[in-house]
Every structure is written in C-alpha cells, then in structure tokens.
Amino acid sequence: MPKVIFQDNTEDNFAEGTVFFDVFKPRFKDALKNAVAVKVNGKLVDLRGALAGYGDIVRAELISLDSKEGIEVCRHSVAHVMAEAVRAIYPSAKCGIGPTIEDGFYYDFDVEKPFTPEDIAKIEAKMGEIINGGHAFTRTAVSKETALETFGSAGEKYKVELINALGDGEITLYTQSGFTDLCRGPHLPSTRFIKAYKITGFAGAYWRGDEKNKMLQRIYGVAFANKKELEDYLHRLEEAKRRDHRKLGKELDLFSTNEAIGSGLVLWHPAGSTVRRVIEDFWKKEHAKGGYDIVYTPHVAMLDLWKTSGHWDFYRDNLYSPMDVEGQDYIVKPMNCPFHIQIYKSHLRSYRDLPIRYAELGTVYRYERSGALHGLLRVRGFTQDDAHIFMRPDQLTAEIKSVLHFTLYILRSFGFNEFDVYLSTRPEKYVGTLANWEKAEAALKAALESTGLKYSIDPGEGVFYGPKIDVKIKDIIGRSWQCSTVQVDFNLPERFDVSYRDEHGVEARPIMLHRALMGSLERFFGCLVEHYAGAFPFWLAPVQAVLLTVTDRNNAYAGATLKKLKAVGIRAELDDRNEKLGFKIREAELRKIPYMLVAGDKEEADGMVSPRAKDREVKLESMTIEEFIAFVSKEGEPEGGEIL
RNA sequence: GCCGGCGUAGCUCAGUGGUAGAGCAGCUGAUUCGUAAUCAGCAGGUCGAGGGUUCGACUCCCCCCGCCGGCUCCA
C-alpha cells in the first residue's frame, strides 16, 4: 500500500489501484472541484490515473485550472477539441501536431483546401458544441505496433511519422467524445473545465517547420481559466495594436515606406528624423566619451572584398546582385566590418595602440524575403550602430565587460530597464581554435556575471565565427525585441590577415569584437515608438513644446516667446491659427507634444505662459518663459545611470 | 519565398455587374474664442498596375506590385 504525502504534508496509505481523484477526495473535496491534474513526484498526470507505479512513497499535489500548469493542461485539451471539431467538419483532414504555446495553442491540419474565415467560424462553433457536451478525456495505453496500426489504417501519416520517432514502449492515446489522438497527456478530466477560449488566427505552416515539407494549415487559439482572463488577454492585444509603430508612424508622421521605392526601404519624415538625429547625437557623444573613434565608410565595394570576408559565400542569398563598374563587380554593403578592418590595416599597429575601437552609424542593405518584412522591425536597408574593436587577447575580458556595461547604459538611457539576455555558445560548424572559443565564452560569461543580470545560455546558437551575447529589450507590455549584440570574431582577423606587433616585435593576431547596441536605428526607433506609445519623453520628442495663442491679439507676444525657446535649443512651435484654444489643445495632445504653453491676454499682461503637460500628468502654474526653460532643462538629457 | 486575407479621396472606412460615397484633413468665408473638436460653402478619385470576360467591371477571371496575419529566414 503506497503512502501518499499531500501538498499540505499530511499523508495516508491507499491501495495501488486507487485513482488520484479518490486519493484526494477525503481531504481535498473543495479543491477537487477546480482540479484538472495531479503532480505526482514532480510529474503531471491525469486526475483519473491510478496510484500504481509511482513507488511506495508518493508525493501528490492537486493542480488547479487557474495555476500555470493547470491552464497549460487545459490549453492542450482545447487543442484536442479543435482537432475533433475540424475532423467533424472535414473528415478527410489529417492531423499534424497540436502543442501549447504562450497563452494558447495551435493545431496543424493537412486539408484539401486551406481554411477560410467562414471555416474558422464553423470550427469555433463546433468546438463550443463539443465543449458543452461535457465529455471526459480518457487515456489508453497501447503498444507501438497497435498505435501504428490504428493511425496507419486511418491514413494519419503525420501521426505515424510521430509515433515512429518515439522510443519503444507504450504509446498513450486520449479520447474525448469518440475522437482519439496521440498524446502524452495529461488532459482535463472533462471538457466542462474549458471556460474561456477563442480562435485567434490561422495560417499556413510547414510540417515540422521545414520549408521543404508540405505546408499544412495551422489554427491558433488561446484559452484561459476564466472569461475575465480571456478578456484581459484580448485587451492586451488591443493595447499592442494601439502602440503599433506602423500605425503611430503614420499618425505622427514619423516615417513611411512607399510602393514606388520598394519594400523594406524606409523614408524618415521630418518628425522621425528629428528623433533619429537626437538619438544619433547622443550616440556620438557617448561613443566619443567611451573611447571610440567614429568613422565613415562607403556604401558599395568590390565584390572581392566580400569574397575575402566570407560574406559572399555564407550569405549570398541575402546580398544584392553585383553591379558592373568598368568591368569590376561591386556590391552594396551588407556589413561594415571589412571597411573597419581596412582602416585598421592602413597602418602597422603596435600592441600599444590596442584596443582600437571604430564605430560607425553604417547603413547596410540586405535582401530579406518579402514575407519576412515587418514595419521598421525587419527591413532591407538599415543603419547599424556598429563598432569593431581590435584588441590583444589579454584585453578580451575587460573589453567585453566594458562593452556590455556601455550597452546597458545606452539602453537604460532610452527608458528600457528590463532585458532578456542570452549567451550563445559554439555551434557544430565553427572556425577558430577550441581554446579560443573557450576563452571567449568564458570572457562573455564573466562580463555577464559582472552586470548582475540574469541570462540564459543558448547552447550551439553562436555564429560560426564566434560566441555572442544578445540583449533583447522588453517593452512596457512585456514583448521583447532583439537589438543589442556583442560578438567575438575569430574569423575575419584570419581572413584579412589582420595583425599587430607585440612587445617582442613579433607579428600577432588581434581578436575582434563586433557590437551593436541599438542594433539598427530603424528597429530601435520602432521599439521606442511602441515603448512610449508615440509619446516620446521630452529629450526625444520631435516637438517639445507648442505655444498656443488664445486670440490673435497674443500673436506678437507668443512669437517673441517662441524665439526665446528656440534660442536655448528647445524644439518649439507656435500655433497662432485662428482656432479655439480647446481645438489647439486637442491637436497638440494628438501629436503627443510634451508641453503646451498657453499665451492669452492674462499671460501676456503678466509676461508669463500657462504650461499644460501632455495628459495633464503634472499640474503647472503660470510661469515666465525663463522659469519654464529652467523647469524643463532637467528633462533635456536622458537618465542613463552609471557606466561601470 | 510559401499559405491565407486585404488594396476605393491625404487619413479612417462604406459601396456584390448599370453615372464613385461619408467623416476627418485641405481650401474659401464667417467667428476673436481660456485648457481634448465653432459654423457654412467649395474642391478632392486612371477604385494599386497591366491584361481578359461582358453591351457595360470598383465589383468576375488572370498576372504583377504593395500591405496585413502566420510559416521559413534573420551574419
């Protein structure tokens, strides 16, 4: 008789055949009402599973629907219901896989015709019917042979492929209302635990994620423990839509793309350009302080340069075709590194010169497949805030550390405070020596440790030429965007035969570091727009303050005041149109201008302005323009914190 | 690139084979106004491009371009 230790540390003995539901019943009658699974010795199993097979001492914990694990069980079960619904409507559909993902699940189907929005509505309705039926999910264990036979005879070729990939031993199947699917489980006791779900989308998806395979039809859905959470989720989606940089970019007249120009090529309008200029000025100032030399390099170069660098071989699919210049092939640059290397090589370098840090806001062009393009976040022409650091091996650790701290300082200056950090280690195919890889990985790791940030390791995800750190920034609603990257490179110094003279006068090979802090200005700007929902902080705002006259009697006074603002470098405008004040305020609010300065008869008489902060986030009394300038002066610079 | 959807005025969107519509923005005029929309009038369109079907195409078909949601990719 196994002994069961419950989550509250009480314990009791039960016969082996007892199912968990009955094990919990005497002590956890109320909790059982909302329980969807059991965690047995750390593993999730069905509530209707038996106690047998878990040893003499069994730790058992009820998993409720509203727990993280509980809702995952639910999502998986909804996926099965979806598969049942699809099969009920399209009997010839073949099922692929139906896993849970963040907030929901998807299921892939091989159907004769791709789904239409009408099909999806039908499927969702059918799911409702099934769920209302209150069907139990029942588990059966069969031999691999039986499973292959069952799915094989039903023509479920994808399931057969999945079963063949499984190890030997028994295969588990789950059935609800007559529909059986291959599944590890566990599942809900019954469909009546499905309280809130919604189909959120559908699209083609390659079988097993390989574009050589057939494209199946994928349906996405979400499920939550209750209606409220589903509504919250849908509300979050709305919020994300409201912040979409493509929508805001148009509304705030920040940037555009244009059919006549081509996909993925960005036009920066004056307002967006102003923000970019502020970013660039800040970037240049900080880099000068940080020991970087800022350089400029050409947009095209001879093809041979890219053959030497290896880009032509490795990334040819993403490079634009060569152009003929007096019989020589040139290509538009996909990278800045070869140019920086040539600058380095323009002199003989001494060990005393190192590290040498070349930074450039370098515009590069890469061919991205049309389907990959996305607003400013994925484009074909973009400006990297690139830098290449040439150093001695003994400088590696300190240099990586300083780069990483610099990165965090810059990102924090723009209001990003939460990051997801990844260390990508040696992939299967790599260049350079094992010893160098280990050294570089250790150096990256040490730098990460020194920041105190949490990070995860992506084993084997490094680039072929070296390990890297990627920093993804998290925006205000928790979505993360890859921007910063710090990469060690063992490849290019070899390929270009980069060298320096060491203290013995002997030729030595420097180590090279690539790094981008914002990644691309386009992407970073897109992230900023979404992060601030278009309401840039004062130091970044395209227009920082707008003067609003009440009547045209005030025009001269407001005009003189505008001059004072401009004289101290505040980006200010004057709205002296013959419109009502409320109208002007509304317009300034929609343009998300940080400060409105009302100049009416009263202010004019007192030599003041009446400031109104956007969204009235702070209440402000009338003040002189000099007082206002002093008031905003502290907002003129970003808050960056310390560079360590 | 692949699967699906979409493309009508500067913007947001109506318009299912028979003379292209609204609101906002724009222009003109009136209004001189106090913290998120003053009123009136006017103008604005090769309905994404090209081809086809038809007496007739914004509408149906083909092809191309662009955008959106995914898949794949992202040095």
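Letters go in sequence order (proteins before strands), and every chain restarts at 1.
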* A:Leu547 CG to B:U35 P, straight-line distance once rounded to whole Å -> 18 Å

* Asked: When A:Phe224 is tested against each of A:Phe105, A:Tyr233, A:Tyr197 for ring pair (Phe, Tyr, Trp, His ring centres under 6.0 Å), which residue passes?
  -> A:Tyr233

* Structure fact -> In Watson-Crick or G-U wobble terms, with both distances under 3.5 Å, the base opposite B:U19 is none

* Is there a donor and acceptor pair closer than 3.5 Å between the side chain of A:Glu368 and the base of B:G1? -> no

* Asked: Taking N and O atoms by type only, does the side chain of A:Arg218 place a donor or acceptor under 3.5 Å from a partner on the base of B:C71?
  -> no

* Would you tell me if any nitrogen or oxygen in the side chain of A:His374 comes within less than 4.0 Å of OP1 or OP2 on B:G69? => yes

* To do: Let me have a per-nucleotide readout for nucleotides 43-51 of chain B, 5' to 3', with B, S or -, counting only protein heavy atoms under 4.0 Å.
  => ---------

* **Interatomic distance, A:Leu248 CG vs B:U12 P [rounded to whole Å]** => 13 Å

* To do: Would you kindly give the NZ-to-C1' distance between A:Lys212 and B:G1, to the nearest whole Å?
  => 13 Å

* Asked: Which value, in whole Å, describes the distance between the P atoms of nucleotides B:G21 and B:G56?
  -> 23 Å

* To do: For A:Lys214 and B:G4, give me the distance from atom NZ to atom P, rounded to whole Å.
  => 12 Å

* Asked: OP1, OP2 of B:C71 versus side-chain N and O of A:Tyr220: anything below 4.0 Å?
  -> yes

* To do: Respond yes when some side-chain nitrogen or oxygen of A:Ser263 is under 4.0 Å from OP1 or OP2 of B:C67, and no when none is.
  => yes

* **Sole candidate of A:Lys214, A:Lys94, A:Arg218 that passes salt bridge (charged side-chain N to carboxylate O under 4.0 Å, His left out) when paired with A:Asp110** => A:Lys214

* Spell out yes or no: do the side chain of A:Arg553 and the base of B:U32 have one donor N/O and one acceptor N/O closer than 3.5 Å? => no

* To do: Have a look at A:Lys602 and say if it touches a base, only the backbone sugar-phosphate, or nothing, with a 4.0 Å heavy-atom cut-off.
  => base

* Give the rounded distance in Å between these two atoms: CD1 of A:Ile101 and C1' of B:G69. => 13 Å

* Classify the nucleic acid contact of A:Glu587 as base, sugar-phosphate or nothing, counting any heavy atom under 4.0 Å across all strands shown. => nothing

* Quickly work out the A:Leu590 CG to B:C24 P distance and round it to whole Å. => 15 Å

* Across all strands, who's sitting opposite B:U59 as a Watson-Crick or G-U wobble pair, both distances under 3.5 Å? -> none

* Asked: How are the rings of A:Tyr358 and A:His340 set to each other: parallel, tilted or perpendicular (split at 30° and 60°)?
  -> perpendicular

* Report yes if at least one side-chain N or O of A:Lys250 is closer than 4.0 Å to OP1 or OP2 of B:U12; otherwise report no. => yes

* Structure fact -> In Watson-Crick or G-U wobble terms, with both distances under 3.5 Å, the base opposite B:G10 is B:C24

* To do: Sticking with atom C1', work out how far B:C42 lies from B:C6, rounded to a whole angstrom.
  => 33 Å

* According to the Watson-Crick and G-U wobble definitions, with both distances under 3.5 Å, which nucleotide is paired to B:G69? -> B:C3

* To do: Could you let me know what B:U53 is paired to, Watson-Crick or G-U wobble, both distances under 3.5 Å, or none if it's on its own?
  => none

* To do: May I ask which nucleotide in the shown strands pairs with B:C64, Watson-Crick or G-U wobble, both distances under 3.5 Å?
  => B:G48

* To do: Give a yes/no answer on whether the side chain of A:Arg378 brings an N or O atom under 4.0 Å of OP1 or OP2 in B:U72.
  => no

* Test for a donor-acceptor pair under 3.5 Å between the base of B:G1 and the side chain of A:Tyr367, counting only N and O atoms. => no

* To do: Quick one: closest heavy-atom pair of A:Asn554 and A:Thr549, and the distance?
  => O-CG2, 3.9 Å

* Once the angle between the rings of A:Phe631 and A:Phe628 is folded into 0 to 90°, is it parallel (under 30°), tilted (30 to 60°) or perpendicular (over 60°)? -> tilted

* Asked: Tell me: NZ of A:Lys113 to P of B:C3, nearest whole Å?
  -> 16 Å

* **Given B:A75, B:U35, B:U32, the nucleotide with the shortest approach to the side chain of A:His311** => B:A75

* Tell me what A:Gly209 touches on the nucleic acid: a base, only sugar-phosphate, or nothing, going by heavy atoms under 4.0 Å. => sugar-phosphate

* To do: Give A:Gln487 one of three labels, base, sugar-phosphate or nothing, depending on what nucleic acid heavy atoms sit under 4.0 Å from its own.
  => sugar-phosphate

* Structure fact -> Re B:U32: Watson-Crick or G-U wobble partner, both distances kept under 3.5 Å, found to be none

* Do A:Arg369 and B:U72 share a donor-acceptor pair, side chain to base, under 3.5 Å? -> yes

* Could you state the atom-to-atom distance from CZ of A:Arg366 to C1' of B:C73 in whole Å? => 13 Å

* To do: Could you pull out the closest heavy-atom pair between A:Ala93 and A:Val111, with the gap in Å?
  => CB-CG1, 3.5 Å

* Aromatic A:Tyr595 / basic A:Lys614 pairing, under 6.0 angstrom, 45° off normal -> no

Run the side-chain donor-acceptor check on residues 244-253 of chain A: report pairs under 3.5 Å with partners two or more places apart or on a different chain.
residue, atom, partner, partner atom, Å
A:Asp244, OD1, A:Arg246, N, 2.8
A:Asp244, OD1, A:Arg246, NE, 3.0
A:Asp244, OD2, A:Arg246, NE, 3.4
A:Asp244, OD2, A:Arg246, NH2, 2.5
A:His245, ND1, A:Glu530, OE2, 2.7
A:His245, NE2, A:Leu376, N, 2.8
A:Lys247, NZ, A:Glu251, OE2, 3.0
A:Asp253, OD1, A:His269, ND1, 2.7

* Using a distance-only test with no angle check, is there a side-chain donor-acceptor pair under 3.5 angstrom linking A:Thr297 and A:Glu360? -> yes

* Give A:Asn258 one of three labels, base, sugar-phosphate or nothing, depending on what nucleic acid heavy atoms sit under 4.0 Å from its own. => nothing

* Under 6.0 Å from the NZ atom of A:Lys198, do we count more than 12 heavy atoms belonging to anything else shown? -> no

